[in-house]
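Here's the structure we're looking at; comments come further down.
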Amino acid sequence: MLSMSYFFFTLGPLSRGSASVGLSTLMGMLLSIDMEVMMSFPAGKMLDMEATLAGGRAEFLFSVKHWFKLGSMISPITTLPLVSNTFPTVRSLLELLSNVDDIECDDGFL
């Protein structure tokens, strides 16, 4: 999956937001196979720039694989509440995307 992320970062345009989309996609792929990810990016490092500046896929994987600590999910993702139940309106979703700090969930997931 890191290899796919490498190709996304190097073949996609370097525009604002492309790195966050790539990282979100990587996280989504890992969550879909019930893998929990703990990330620890070194200060001043960006995943997309590491991919761009690496000499190739193997160099990229070697330089960033230790940033990700993978483990099995404590509980399957299917036990989490549905987004549509937690944020039932378009307004609540927009508020979530606008400012997460101001939103409080009853279930305590944010």
Side-chain angles (χ1 to χ4, degrees):
M1 289 189 198
L2 273 175
S3 293
M4 291 184 350
S5 296
Y6 168 77
F7 291 118
F8 176 84
F9 289 133
T10 57
L11 297 177
L14 287 177
S15 61
R16 186 170 180 208
S18 63
S20 59
V21 169
L23 185 58
S24 299
T25 303
L26 174 63
M27 295 297 294
M29 288 189 296
L30 291 170
L31 284 173
S32 72
I33 58 171
D34 287 333
M35 295 296 292
E36 184 176 23
V37 181
M38 300 301 290
M39 292 182 293
S40 176
F41 293 128
K45 298 283 187 172
M46 295 182 287
L47 196 59
D48 59 332
M49 291 309 295
E50 290 296 314
T52 302
L53 299 174
R57 183 184 57 85
E59 291 86 0
F60 170 72
L61 294 176
F62 181 76
S63 67
V64 302
K65 67 182 175 185
H66 63 278
W67 296 1
F68 297 89
K69 293 171 182 54
L70 300 176
S72 296
M73 296 278 290
I74 294 171
S75 58
I77 197 167
T78 55
T79 62
L80 296 174
L82 295 174
V83 173
S84 59
N85 292 340
T86 307
F87 303 101
T89 64
V90 174
R91 181 185 179 103
S92 62
L93 282 172
L94 291 174
E95 288 173 343
L96 172 69
L97 295 173
S98 298
N99 193 352
V100 175
D101 295 334
D102 293 342
I103 297 176
E104 294 182 19
C105 293
D106 296 334
D107 296 334
F109 285 104
L110 282 181

Check whether any side-chain heavy atom of [X] lies under 4.5 Å from a side-chain heavy atom of [Y], and answer yes or no.
X: M29; Y: I33; value: no
X: L82; Y: T86; value: no
X: V83; Y: L93; value: yes
X: R91; Y: L94; value: no
X: E95; Y: F87; value: no

For residues 42-62, which residue pairs pass the ring pair (Phe, Tyr, Trp, His ring centres under 6.0 Å) check, not counting sequence neighbours?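 Listed by first then second residue: Y6-F60.
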Using side chain to side chain donor-acceptor pair (under 3.5 Å) as the criterion, list what pairs up with S24, not counting sequence neighbours.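 S24 satisfies side chain to side chain donor-acceptor pair (under 3.5 Å) with no residue once adjacent residues are dropped.
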From CD (E50) to CG (L61), nearest 0.5 Å: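 If I round to the nearest 0.5 Å, the distance is 12.0 Å.
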Rounded to the nearest 0.5 Å, what's the gap from CH2 on W67 to NZ on K45? Could you check?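 Going from the CH2 atom of W67 to the NZ atom of K45 covers 6.0 Å.
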